[in-house]
Amino acid sequence: MKKKILVTGGTGYIGSHTTVELIEEGFDAVIIDNLYNSEAGVVDRIHKITGVRPLLEVLDLCDLEKLDGFIQKHRDISSVIHFAAYKAVGESVNKPLEYYRNNLLSLVNLLSVMKRYGIPNLVFSSSCTVYGQPEKLPVTEDAPLQPATSPYGNTKQVGETIIRDTTVSDKNVRAISLRYFNPIGAHPSALIGELPRGVPENLVPYLTQTGYGIREELKVFGDDYNTPDGSCVRDYLHVVDLAKAHVVAIKRLIEGKNKANYEVFNLGTGNGVSVLEAIKSFERVSGIKLKYRIVGRRAGDIEKIWADPSFANKELGWKTLSSLDEAMKTAWDWEKILRSNKI
């Protein structure tokens, strides 16, 4: 019998790619999503890729009564991968209360129903923002967590604490937090990818939209950082590589291979790439010269961060496979398909 995995936020960017990987690994995936920043039609595209249509329940995790009712109907759920959250650093600075309410209440509700119905395994979508601006680079899992530079980052720090405390209080709950660095790209089929509502907060959708002519120009937030070219440095990994890590993590919990009730892993390439280098990568794969302008720094942005992924490489047997240019090409292919209305 297939193991049933609940994917919260499963029609979103990383959630949809992970749902594809789960199905292709033989799991039965069910999705909860309130469609705040995604579309129900993503399920149709997952079906096109995999030949399987996952169940989608349109539901807000902050509604405990409805969440409880859903879990009552699906008592065979063995594990949860929790993506559902607001995720824009800049927006969180302007709307802190919305971020705290949504990201933390949804997690508390989810853990409550997991305990009530005996669902033992959780993989949590965390973020490298929990490290703040780290003192040493590359960042290992042992690095001290600096004060968060944004409410979004703080919700991930607090979320991890809530999960850890839950696993301490209840030995029947096991969890892995995956601290992502910067996911980019799209599925090679170009049927699913990043689909931001309104003006993109993340760099790569802004790159591709500018390349396609939807945005007049790209704004580079700051060129006076202590980095080789003055722009911020990040660790960009392909979203499919990231999705595969979730499957590895959920298998680790299901098979009881975890070495503690709560584990943390960094997911990144181990390479720091500046904003200006990312622009050059896009220009290489697209053949388009981007129009961009340097503007002032953006509130909440960290100067530079990249991962030491060696612990995840060793313990999970996972590593990134795609290059920056390969990831950027899939993002560009997705943008072109999306705008041509062929999906």
Side-chain angles (χ1 to χ4, degrees), residues 4-12 14-15 18 29-38 56-89 91-93 95-130 145 147-148 150-180 246 249-250 253 258 260-265:
K4 184 179 282 188
I5 313 296
L6 171 61
V7 185
T8 72
T11 58
I14 306 169
T18 300
V30 295
I31 295 170
I32 287 178
D33 204 303
N34 66 358
L35 305 180
Y36 171 80
N37 196 33
S38 60
L56 167 62
E57 184 81 5
V58 180
L59 173 67
D60 192 326
L61 294 176
C62 291
D63 188 330
L64 180 57
E65 185 178 345
K66 287 185 178 177
L67 174 60
D68 189 280
F70 176 84
I71 299 298
Q72 280 189 46
K73 294 177 190 173
H74 298 273
R75 298 293 295 274
D76 55 341
I77 289 172
S78 72
S79 310
V80 179
I81 304 178
H82 181 46
F83 294 104
Y86 296 164
K87 63 175 187 174
V89 169
E91 182 183 61
S92 77
V93 174
K95 300 178 178 179
L97 294 181
E98 290 183 30
Y99 270 68
Y100 287 121
R101 178 187 176 277
N102 183 75
N103 292 7
L104 298 180
L105 179 57
S106 61
L107 175 60
V108 169
N109 284 351
L110 182 63
L111 286 165
S112 297
V113 297
M114 286 179 65
K115 283 170 60 69
R116 185 176 303 156
Y117 294 104
I119 301 170
N121 304 315
L122 175 68
V123 172
F124 178 58
S125 165
S126 192
S127 165
C128 66
T129 56
V130 300
L145 304 190
S150 69
Y152 165 74
N154 202 29
T155 66
K156 291 302 183 183
Q157 286 188 353
V158 175
E160 285 197 16
T161 301
I162 291 169
I163 294 167
R164 188 191 65 234
D165 289 348
T166 302
T167 64
V168 169
S169 71
D170 186 344
K171 299 301 181 186
N172 294 316
V173 178
R174 301 183 294 271
I176 293 175
S177 286
L178 298 177
R179 293 174 177 168
Y180 318 157
H246 292 79
I250 212 71
L253 292 173
N258 51 303
N261 258 28
Y262 181 65
E263 296 181 310
V264 171
F265 296 97

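Each residue takes its place number in the sequence, starting with 1. The figures that follow rest on heavy atoms only: side chains count, while hydrogens, waters and symmetry mates do not.
Counting heavy atoms from C-beta on, the side chains of Val123 and Leu178 come closer than 4.5 Å. With contacts defined as side-chain heavy-atom distances shorter than 4.5 Å, the pair Asn103/Val158 does not qualify. Side-chain contact between His74 and Asp76: present, with at least one pair of heavy atoms (C-beta onward) separated by less than 4.5 Å. Between Asp68 and Arg116, the closest side-chain pair of non-hydrogen atoms falls below 4.5 Å. Looking only at side-chain heavy atoms (C-beta outward), Lys156 and Ser125 come within less than 4.5 Å of each other.
The distance from the CD1 atom of Ile77 to the CD1 atom of Ile32 is 6.5 Å, given to the nearest 0.5 Å. Considering OG1 of Thr167 and CD1 of Ile162, their distance stands at 12.5 Å, rounded to 0.5 Å. One finds the CG atom of Asp165 at 12.5 Å from the CG atom of Asp170 (value rounded to the nearest 0.5 Å). Note that OH of Tyr99 and CG of Asn154 are 13.5 Å apart. Values are rounded to the nearest 0.5 Å. Note that CD1 of Ile31 is 10.5 Å distant from OG1 of Thr18, once rounded to the nearest 0.5 Å. One finds the OG1 atom of Thr155 at 6.0 Å from the CG atom of Leu104 (value rounded to the nearest 0.5 Å).
One side chain, Ser177 or Tyr262, offers a donor N or O that lies under 3.5 Å from an acceptor on the other. Under 3.5 Å, the side chains of Asp60 and Tyr36 contain no donor-acceptor pair of N or O atoms.
Side-chain N or O atoms of Lys87 include none that pairs as donor or acceptor with a backbone N or O of Tyr152 at under 3.5 Å.
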Quiz item: Between Ile119 and Ile71, does a side chain to side chain contact (heavy atoms under 4.5 Å, CB included) hold up when you go through it step by step?
Solution: CA-CA 10 Å; Ile119 301 170; Ile71 299 298; 4.0 Å; yes
Exercise. Decide side chain to side chain contact (heavy atoms under 4.5 Å, CB included) for Leu35 and Val58; before the verdict, give the C-alpha distance in whole Å, the side-chain angles of both, and the deciding distance to 0.1 Å.
Key: CA-CA 7 Å; Leu35 305 180; Val58 180; 3.9 Å; yes
Practice problem: Go through the steps to decide whether Val168 and Asn261 satisfy the test side chain to side chain contact (heavy atoms under 4.5 Å, CB included), and finish with yes or no. | Solution: CA-CA 8 Å; Val168 169; Asn261 258 28; over 6 Å; no
Self-check item: Candidate pair Leu122 and Leu110, rule side chain to side chain contact (heavy atoms under 4.5 Å, CB included), full reasoning
Solution: CA-CA 10 Å; Leu122 175 68; Leu110 182 63; 4.3 Å; yes
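Closest heavy-atom contact between Pro151 and Pro96: CG-CB, 3.8 Å. Smallest separation of non-hydrogen atoms from Ala148 and Gly153: CB-C, 3.8 Å.
A side chain to side chain donor-acceptor pair (under 3.5 Å) with Ser126 holds for exactly one of Arg179, Gln157, Glu160; it is Glu160.
Under the side-chain hydrogen bond (donor to acceptor under 3.5 Å, both in side chains) criterion, Asp33 pairs with Thr11, Ser38, not counting sequence neighbours. In this structure Asp63 satisfies the side-chain contact (heavy atoms from CB on, under 4.5 Å) test together with Glu65, Lys66, sequence neighbours excluded.
His246 has its ring centre less than 6.0 Å from the ring centre of Tyr180.
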Which atom pairs, donor and acceptor, lie under 3.5 Å between side-chain atoms of residues 78-86 and protein residues at least two apart or in another chain?
unit_1, atom_1, unit_2, atom_2, d
Ser78, OG, Lys4, O, 3.3
Ser79, OG, Asn121, ND2, 3.2
His82, ND1, Thr8, OG1, 2.6

